[in-house]
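Worksheet: one structure, shown below.
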Amino acid sequence: MIGLEGKSALVTGSGRGIGAATAKKLSQAGARVIVNDLDADVAEEVANSLPGSIPYPADLNDPEAADSLIDFSVDALGGLDIVVNNAGYIWHSAIHNMSDEQWESMLDIHAGAQFRILRAYGRWLRQNADRSSEMRKVVNISSTVGMFGSPTQLAYSAGKAAVLGITKTLAKEWGRFNVTVNAVAFGAIDTRLTSPYEKEPNISMVKGQPRKVGLSVEQIKQSEIASPLGRIGSPEDAANAIYLMCIPESNWITGEVILASGGVRN
Ligand SMILES: NC(=O)c1ccc[n+]([C@@H]2O[C@H](COP(=O)([O-])OP(=O)(O)OC[C@H]3O[C@@H](n4cnc5c(N)ncnc54)[C@H](O)[C@@H]3O)[C@@H](O)[C@H]2O)c1
């Protein structure tokens with residue numbers, strides 16, 4: 001594995017799923033990781049399993065959380081080389097049933113939280129980085145749903161599409177700070193968001209509210225058939241794609257949307 005020794009990283013939503021696998025991957029490569037999650041217990045569990053890593057439970061929908069998270073990260077790690085904007089959840093329904101709250105919460109967690117974190121990081125970069133600095137990396141998590149759309153996922157797809165605009169614009173703004181900014185868009189990855197169900201969707205609790213999650217067994221079968229590789233991705237597959245955008249070998253790649261979907265393009 002290519003080393004990230006001495007690097008400092010923040011991975012949001014890294015108490016579970018793709019984020020947890022990413023925190024582990026970056027840690028195994030030598031980075032110290034701030035493990036942020038809404039849920040303190042899982043953030044602590046992941047951070048405690050990774051040497052030198054630190055939990056930072058916080059709800060990124062809270063407008064003040066981003067500034068505190070970036071301040072904490074740079075203080076605790078003595079700087080911040082890698083930011084992975086991964087935290088997210090789903091709250092789907094067809095447009096005629098979609099409430100304003102649903103629309104706003106999806107836009108806020110998938111685009112607003114990324115904006116606030118990157119704004120806070122950008123303020124730090126202005127004081128601490130220029131073209132002569134060592135290269136730093138931002139990886140924003142999007143989805144095939146943000147690129148190609150998906151029925152009943154209007155607000156989620158709008159949030160994930162906004163990630164692409166954030167990524168492409170900041171790549172242009174932050175070249176002068178020697179920062180690459182890329183997005184990784186996943187197809188179906190095996191986490192609680194895609195957990196299989198027979199008849200009724202599974203429920204996961206987000207901020208005390210039950211949210212429908214999962215894919216029906218039939219949808220999973222369709223996703224497997226759609227991939228030339230014949231399966232859905234694992235959290236480790238996803239973490240590997242993020243890792244590629246964090247290592248020095250990707251220093252000449254910026255403003256790109258990397259599709260990590262096992263070959264699915266719809
Ligand atoms: N699983 C997939 O198929 C898939 C596909 C494409 C994109 N994604 C995206 O990947 C990211 C990770 O998803 P996952 O599948 O690992 O889901 P997950 O539910 O397993 O993990 C997401 C983590 O984010 C945390 N989180 C949610 N809201 C938060 C908030 N307000 N503040 C802080 N933390 C919060 C959750 O507590 C959870 O631990 C999400 O942005 C998701 O939209 C997932």
Side-chain angles (χ1 to χ4, degrees), residues 10-24 34-47 55-66 68-69 84-92 104-114 116-117 139-150 153 155-164 166 183-196 202-209 211-215 219-220 223-224 226-227 231-239 241-242 257-262 264:
L10 162 64
V11 184
T12 68
S14 51
R16 294 186 185 83
I18 294 168
T22 301
K24 185 172 174 195
I34 301 292
V35 177
N36 155 259
D37 204 278
L38 180 60
D39 297 323
D41 53 345
V42 290
E44 278 157 20
E45 200 178 309
V46 171
Y56 189 92
D59 175 359
L60 299 180
N61 286 126
D62 172 351
E64 303 195 347
S68 310
L69 175 57
V84 181
N85 275 308
N86 167 77
Y89 59 95
I90 55 176
W91 190 5
H92 299 328
E104 281 155 18
S105 77
M106 286 293 92
L107 267 282
D108 191 66
I109 188 58
H110 294 290
Q114 290 202 6
R116 291 188 292 271
I117 285 172
V139 186
N140 297 324
I141 302 312
S142 186
S143 164
T144 50
V145 173
M147 297 177 74
F148 309 117
S150 180
Q153 303 189 22
Y156 179 75
S157 81
K160 288 304 195 191
V163 171
L164 310 185
I166 291 170
V184 180
F186 295 119
I189 301 290
D190 182 12
T191 69
R192 68 177 180 166
L193 298 190
T194 56
S195 54
N202 300 317
I203 297 295
S204 87
M205 298 304 286
V206 179
K207 295 192 256 186
Q209 296 295 320
R211 299 285 175 238
K212 291 179 188 165
V213 295
L215 294 176
Q219 285 172 313
I220 292 183
S223 300
E224 289 168 348
S227 167
R231 61 181 179 85
I232 68 168
S234 66
E236 291 71 29
D237 288 323
I242 294 169
V257 181
I258 310 298
L259 188 55
S261 64
V264 177

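We use all heavy atoms of the structure for the numbers below, so side chains are in, but hydrogens, waters and symmetry mates are not. Whatever order the structure lists them in is the order used to number ligands and atoms, beginning at 1.
Taking a heavy-atom cut-off of under 4.0 Å, ligand 1 is surrounded by Gly13, Arg16, Gly17, Ile18, Asn36, Asp37, Leu38, Asp39, Ala58, Asp59, Leu60, Asn61, Asn86, Ala87, Gly88, Tyr89, Ile109, His110, Ile141, Ser142, Ser143, Tyr156, Lys160, Phe186, Gly187, Ala188, Ile189, Thr191, Arg192, Leu193, Thr194.
The minimum heavy-atom distance between Leu164 and Ser142, with the atom names listed, is CD2-OG, 3.7 Å.
Considering CD of Glu236 and CG of Asp190, their distance stands at 9.0 Å, rounded to 0.5 Å. Note: Thr194 OG1 to Gln219 CD = 10.5 Å, rounded to the nearest 0.5 Å.
You'll find the side chain of Asp237 reaches within 4.5 Å of the side chain of Arg231, heavy atoms only.
A side-chain donor-acceptor contact under 3.5 Å links Asn86 to the backbone of Thr12.
Between the side chains of Ser105 and Asp108, no donor N or O sits under 3.5 Å from an acceptor N or O.
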